[in-house]
Amino acid sequence: MAKSTPPPGTADIFPEEISRWYNLEDTARKVFSLYGFGELRTPIFEYTEVFKRGLGDATEVVQKEMYTFEDRGGRSMTLRPEGTASVMRALLNTDVLNGNEKRVYYIGPMFRGERPAAGRRRQFHQIGVENVGRVAPELDAENIAMLMHYLEELKITGAELLINTRGVEKDRIPAAKMLKEYFGASIDTMCDDCKVRLENNVWRILDCKQTACQEFIESAPDVVECFTEETKEYFKRVCEILDSLGVKYTVDKRLVRGLDYYVHTVFELTHPGLGAQNAIAGGGRYEVHLPQQKKPLIGVGFAAGLERLIMAQEALRVINDERLALDCYIVSMGDAARAKALELSGKLRKANIAVIAEVESKSMKAQMRSANRLNAKHVVIIGESELEDNVFVVKNMSEGTQETISFDTDINEITKYFA
RNA sequence: GUGGAUAUAGCUCAGUUGGUUAGAGCGCUUGGUUGUGGCCCAGGAGGUCGCCGGUUCAAAUCCGGUUAUCCACCCCA
């Protein structure tokens, strides 16, 4: 069949389902602004280096999921696979490097060349926030609290929050060494992915789901033991603040996350209503290195997947089906009446009344059915007799009542009939 | 990249061990007294059964290939 399907992993979003999206976006704007965040819109593609450096060369995302292409000048560009790197690149133009705090959020499409599955698209949409420029456990905790606040407003209940600490660079050197020694002893019996990870990203082994690797991961030494007291204290403070804010969480020592820029607090929010791809949001504290920058940009943030938030809402039967509100549908009989209908529709729209005028010569019954199908609140009827008297009829569809109005009536007066 | 499932009307799906003009519900459309919607009733339109090839007197049905979609692995939002 010659149906037209969009490219794999992409989807058209039709007017009937768009109110879900408005809801997620409007709620985000409302909640995030309560915490002093403003929207930042960055380009949808960047120099490839921004992501390579920003996310880390060894990450899965950079290695095999990016949509990279050459522009006409032969420069390597990449469709953004996530939002943080672009935001940091943009903020270089501000004074964040001097210790000034910036609070921004973004909403938009992201692109990863993965095999589509439930809750996983190649073009998907994220809402993310970044609190950049300062390091404080209070901010890590507030970031998580804001995410929970957002979810609450979306009526998404039953989500599980997992948190962990990744330490900072100086904590990781001894920790990575320890893990390497530990896993090195049994790497021969572990999965192929882990063999690679042992060399370029030992931490990710802790995240491995292969059954063959489980027994080794279970009894792996606790990396936190290698962390400095300062780092441990930082995480403890984050947990304490979350407790005081009444945020429920579970510490998961195996939570690593896939991007290299994370330090200190990392977290993931999962929901049982989603299937295998059950993370609806994730984030943490980060240090992002950008091309030609000596100092990394520091911040804390999260990103939530809009498609997944919608899946969670649907699983919870959160109703959100505002239909297109049509104030008026104009039924006309004959060419002369139709001309009058178009004239009237123009006037009504300028008075902020949403109007559709029927343009086909259908029977009145058919036109009335159309009005009903479109959920019109009122119907204007213009037939031959109305034309003769220079009037039109306004019918209130829910009441079933109707009134006759002269075309000469002042528009402000006419408007009242559509209230 | 690897595995599994599916592919019939705009949508959701039936279609028996191959057998005449391929079905239902919803939707769409026309009408049910001249110009009034929803409910109800009666008609109507709409499908090269994903595509290509094979087996057969005969294929939506069996076989092979191909493409697409979905699900899972993986990874993450």
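Just so it is clear: chains get the letters A, B, ... in the order the sequence lines come, proteins before strands, and each one is counted from 1.
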Student: Take atom C1' in B:C57 and the same atom in B:C62, then report the distance between them in whole Å.
Tutor: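 The answer is 16 Å between these two C1' atoms.
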Student: So what's B:A24 paired with, Watson-Crick or G-U wobble, going by both distances under 3.5 Å?
Tutor: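 Result: B:U12.
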Student: Taking atom C1' of B:A77 as reference, at what distance in whole Å does atom CG of A:Leu162 sit?
Tutor: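 Distance, rounded to whole Å: 15 Å.
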Student: Take atom CZ of A:Arg121 and atom P of B:A77, then tell me their distance rounded to the nearest Å.
Tutor: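 It is 16 Å, rounded to the nearest whole Å.
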Student: Given atom CZ of A:Arg369 and atom P of B:C28, what is their separation to the nearest angstrom?
Tutor: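 The answer, rounded to whole Å, is 9 Å.
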Student: Out of B:A72, B:G31, B:C76, which nucleotide sits closest to the side chain of A:Ala276?
Tutor: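 Selected nucleotide (nearest to the side chain): B:A72.
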Student: Whole-Å distance between B:A77 C1' and A:Tyr150 OH?
Tutor: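 Going from OH in A:Tyr150 over to C1' in B:A77 covers 12 Å.
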Student: Which part of the nucleic acid, if any, lies within contact of A:Ser370, taking any heavy atom under 4.0 Å across all strands shown: a base, the sugar-phosphate backbone alone, or nothing?
Tutor: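 Since no nucleic acid heavy atom lies under 4.0 Å of A:Ser370, the category is nothing.
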Student: Should the side chain of A:Glu65 and the base of B:G1 be counted as holding a donor-acceptor pair, with the cut-off at 3.5 Å?
Tutor: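 Result: no qualifying N/O pair found.
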Student: With respect to A:Gln313, which candidate in A:Arg308, A:Arg20, A:Lys155 satisfies the side-chain hydrogen bond (donor to acceptor under 3.5 Å, both in side chains) definition?
Tutor: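 Option passing the side-chain hydrogen bond (donor to acceptor under 3.5 Å, both in side chains) with A:Gln313: A:Arg20.
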Student: Work out how far the C1' atom of B:G18 is from that of B:U56, and round it to whole angstrom.
Tutor: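 Looking at atom C1' only, B:G18 and B:U56 are 9 Å apart.
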Student: Write down the distance between CG (A:Leu326) and C1' (B:G38), rounded to a whole number of angstrom.
Tutor: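 Result: 16 Å.
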Student: Does any donor-acceptor pair link the side chain of A:Glu114 with the base of B:A77 at a separation under 3.5 Å?
Tutor: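 Checked by distance alone, the answer is yes.
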Student: Quote, to the nearest angstrom, the P distance that separates B:U8 from B:A14.
Tutor: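 Rounded to whole Å, the distance is 10 Å.
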Student: Is NZ or CZ of A:Lys340 both nearer than 6.0 Å to the six-membered ring centre of A:Phe392 and within 45° of the ring axis?
Tutor: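 Judged by the rule, A:Lys340 and A:Phe392 form no cation-pi pair.
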Student: Hey, is the side chain of A:Lys395 pairing donor to acceptor with the base of B:U36 inside 3.5 Å?
Tutor: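 Side chain to base: pair found, below 3.5 Å.
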Student: In the structure shown, which nucleotide is the Watson-Crick or G-U wobble counterpart of B:G35, with both distances under 3.5 Å?
Tutor: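 Result: none.
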Student: Determine whether A:Val224 and A:Lys253 satisfy the following criterion, side chain to side chain contact (heavy atoms under 4.5 Å, CB included), listing intermediate values before the conclusion.
Tutor: CA-CA 9 Å; A:Val224 174; A:Lys253 289 179 181 298; 4.2 Å; yes
Student: Look at the side-chain N and O atoms of A:Arg115 and state whether any lies under 4.0 Å from the OP1 or OP2 oxygen of B:C76.
Tutor: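 So the side-chain polar atoms of A:Arg115 never come under 4.0 Å of the phosphate oxygens OP1 or OP2 of B:C76.
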Student: Does a side-chain N-to-carboxylate-O contact under 4.0 Å join A:Arg122 and A:Glu114?
Tutor: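 So A:Arg122 does not pair with A:Glu114 through a salt bridge.
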Student: Remember a base hit wins even if backbone is also touched, and classify A:Gly119 as base, sugar-phosphate or nothing at under 4.0 Å, heavy atoms.
Tutor: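 A:Gly119: base contact, heavy atoms under 4.0 Å.
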Student: With a 4.0 Å limit, can you tell me whether A:Arg373 has a side-chain N or O closer than that to the phosphate oxygens OP1/OP2 of B:G38?
Tutor: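 Checking A:Arg373 against B:G38: no side-chain N or O falls below 4.0 Å of OP1 or OP2.
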Student: Determine the minimum heavy-atom distance between A:Ile298 and A:Val132, stating which atoms define it.
Tutor: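 Nearest heavy atoms, A:Ile298 then A:Val132: O-CG1, 3.1 Å.
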Student: So what's B:G1 paired with, Watson-Crick or G-U wobble, going by both distances under 3.5 Å?
Tutor: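 Paired with B:C73.
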Student: If you measure from the C1' atom in B:U34 to the same atom in B:C26, how many Å do you get, rounded?
Tutor: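 Pairwise C1' distance, B:U34 against B:C26, rounds to 33 Å.
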Student: For A:Leu274 and A:Ala312, work out which heavy atoms get closest and say how close.
Tutor: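 That closest heavy-atom pairing would be CD2-N, 3.5 Å.
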Student: Who is the Watson-Crick or G-U wobble partner of B:U56, with both distances under 3.5 Å?
Tutor: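 Pairing partner: none.
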Student: When A:Asp327 is tested against each of A:Lys377, A:His378, A:Arg349 for side-chain hydrogen bond (donor to acceptor under 3.5 Å, both in side chains), which residue passes?
Tutor: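 Looking at A:Lys377, A:His378, A:Arg349, the match for A:Asp327 under the side-chain hydrogen bond (donor to acceptor under 3.5 Å, both in side chains) is A:Lys377.
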Student: Tell me what A:Ala366 touches on the nucleic acid: a base, only sugar-phosphate, or nothing, going by heavy atoms under 4.0 Å.
Tutor: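 Sugar-phosphate: the residue A:Ala366, judged by heavy atoms under 4.0 Å, touches backbone atoms but no base.
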Student: B:C74 phosphate, OP1 or OP2: any side-chain N/O from A:Arg120 under 4.0 angstrom?
Tutor: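 For B:C74, neither OP1 nor OP2 has a side-chain N or O of A:Arg120 closer than 4.0 Å.
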Student: If the C1' atom of B:G23 is compared with that of B:U61, how far apart are they to the nearest Å?
Tutor: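 Comparing C1' positions in B:G23 and B:U61 gives a spacing of 15 Å.
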Student: Give a yes or no on whether A:Tyr35 atom OH has more than 12 heavy-atom contacts from other residues, nucleotides or ligands under 6.0 Å away.
Tutor: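 For A:Tyr35, atom OH is crowded (more than 12 foreign heavy atoms under 6.0 Å).
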Student: Could you please name the option among B:A77, B:G37, B:G31 that lies closest to any side-chain atom of A:Tyr262?
Tutor: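 Of all the options, the side chain of A:Tyr262 is nearest to B:A77.
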Student: Indicate, with a heavy-atom threshold strictly under 4.0 Å, whether A:Gly258 touches base, sugar-phosphate, or nothing.
Tutor: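 Sugar-phosphate, no base atom in range.
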Student: Contact class for A:Glu386 (heavy atom, under 4.0 Å): base, sugar-phosphate, or nothing?
Tutor: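 If one applies the 4.0 Å heavy-atom cut-off, A:Glu386 turns out to touch a base.
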Student: Please report, rounded to the nearest Å, how far the C1' atom of B:C71 is from the CG atom of A:Asn278.
Tutor: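 The distance from CG of A:Asn278 to C1' of B:C71 comes to 15 Å, rounded to the nearest Å.
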Student: Between A:Gly275 and A:Gly305, who's closer to the 5' end of RNA chain B by nearest nucleotide?
Tutor: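 On the 5' side of the pair lies A:Gly275.
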Student: What's the gap between B:U30 and B:G38 when it is taken at their P atoms, as a whole Å value?
Tutor: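 12 Å, rounded to whole Å.
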Student: What's the closest nucleotide to the A:Ala118 side chain, out of B:U30, B:U69, B:A72?
Tutor: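 That would be B:A72.
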Student: Does B:A68 have a Watson-Crick or wobble partner in any strand here, with both distances under 3.5 angstrom, and which is it?
Tutor: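 Across any shown strand, B:A68 pairs with B:U6.
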Student: Without decimals, in angstroms, what is the distance between A:Leu274 CG and B:A72 C1'?
Tutor: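 In whole Å, B:A72 C1' lies 15 Å from A:Leu274 CG.
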Student: Please tell me which of the listed nucleotides, B:U29, B:U69, B:C76, lies nearest to the side chain of A:Arg112?
Tutor: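 That would be B:C76.
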Student: With a non-hydrogen cut-off below 4.0 angstrom, is A:Ile280 in contact with a base, only sugar-phosphate, or nothing?
Tutor: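 Counting heavy atoms under 4.0 Å across all strands, the contact made by A:Ile280 is with sugar-phosphate only.
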Student: When you match A:Ala279 and A:Lys362 each to their closest nucleotide on RNA chain B, which lands nearer the 5' end?
Tutor: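 Its nearest nucleotide being more 5', the pick is A:Lys362.
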Student: For the side chain of A:Met368, starting at C-beta, report the closest nucleotide among B:G37, B:C70, B:U30.
Tutor: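 Nearest to the side-chain atoms of A:Met368, counting from C-beta on, is B:G37.
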Student: Rounding to the closest angstrom, what is the interatomic distance between B:C11 and B:G47 at atom P?
Tutor: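 Taking atom P in both B:C11 and B:G47, they lie 13 Å apart.
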Student: With sugar-phosphate meaning primed atoms plus P, OP1 and OP2, does A:Gln402 contact a base, only sugar-phosphate, or nothing at under 4.0 Å between heavy atoms?
Tutor: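 Base: the residue A:Gln402, judged by heavy atoms under 4.0 Å, touches a nucleobase.
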Student: Which nucleotide sits closest to the side chain of A:Ile381: B:U36, B:A77, B:C76?
Tutor: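 Shortest atom-to-atom distance from the side chain points to B:U36.
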Student: If we call it a pair only when both distances are under 3.5 Å in a Watson-Crick or G-U wobble match, what pairs with B:G47?
Tutor: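 Its partner is none (no Watson-Crick or G-U wobble pair with both distances under 3.5 Å).
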Student: B:U67 and B:C28: how far apart are their P atoms, nearest whole angstrom?
Tutor: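 After rounding to an integer number of Å, I get 38 Å for this pair.
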Student: Looking across every strand, which nucleic acid part, if any, lies under 4.0 Å from A:Ala371 by heavy atom: base, sugar-phosphate, or nothing?
Tutor: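 Answer is nothing: A:Ala371 stays at 4.0 Å or more from every strand.
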Student: Nearest to the side chain of A:Met364 - B:G35, B:C70, B:A77?
Tutor: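 Nearest to the side-chain atoms of A:Met364, counting from C-beta on, is B:G35.
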Student: Applying a 4.0 Å non-hydrogen cut-off, can you work out what A:Arg257 is touching in the nucleic acid: base, sugar-phosphate, or nothing?
Tutor: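 Result for A:Arg257 = sugar-phosphate.
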Student: Which heavy atom of A:Ile127 sits nearest a heavy atom of A:Phe32, and at what distance?
Tutor: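 It is CG2-CE1, 3.4 Å.
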Student: Examine B:G1: is either OP1 or OP2 under 4.0 Å from a nitrogen or oxygen in the side chain of A:Lys64? Give yes or no.
Tutor: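 No, because none of the side-chain N or O atoms of A:Lys64 sits under 4.0 Å from OP1 or OP2 of B:G1.
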Student: Looking at B:C76, does its base get a donor-acceptor pair with the side chain of A:Arg308 below 3.5 Å?
Tutor: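 Indeed there is one.
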Student: At less than 4.0 Å, is any side-chain N or O atom of A:Ser385 found next to OP1 or OP2 of B:G35? Yes or no.
Tutor: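 For A:Ser385, the contact criterion (side-chain N or O under 4.0 Å from OP1 or OP2 of B:G35) is not met.
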Student: Please list, chain by chain and in numerical order, all residues satisfying ring-ring contact (aromatic ring centres under 6.0 Å, His included) with A:Tyr262, sequence neighbours excluded.
Tutor: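 If we apply the ring-ring contact (aromatic ring centres under 6.0 Å, His included) test to A:Tyr262, skipping adjacent residues, there are no hits.
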Student: Quickly work out the A:Asp193 CG to B:G1 C1' distance and round it to whole Å.
Tutor: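 For the pair A:Asp193 CG and B:G1 C1', the rounded distance is 11 Å.
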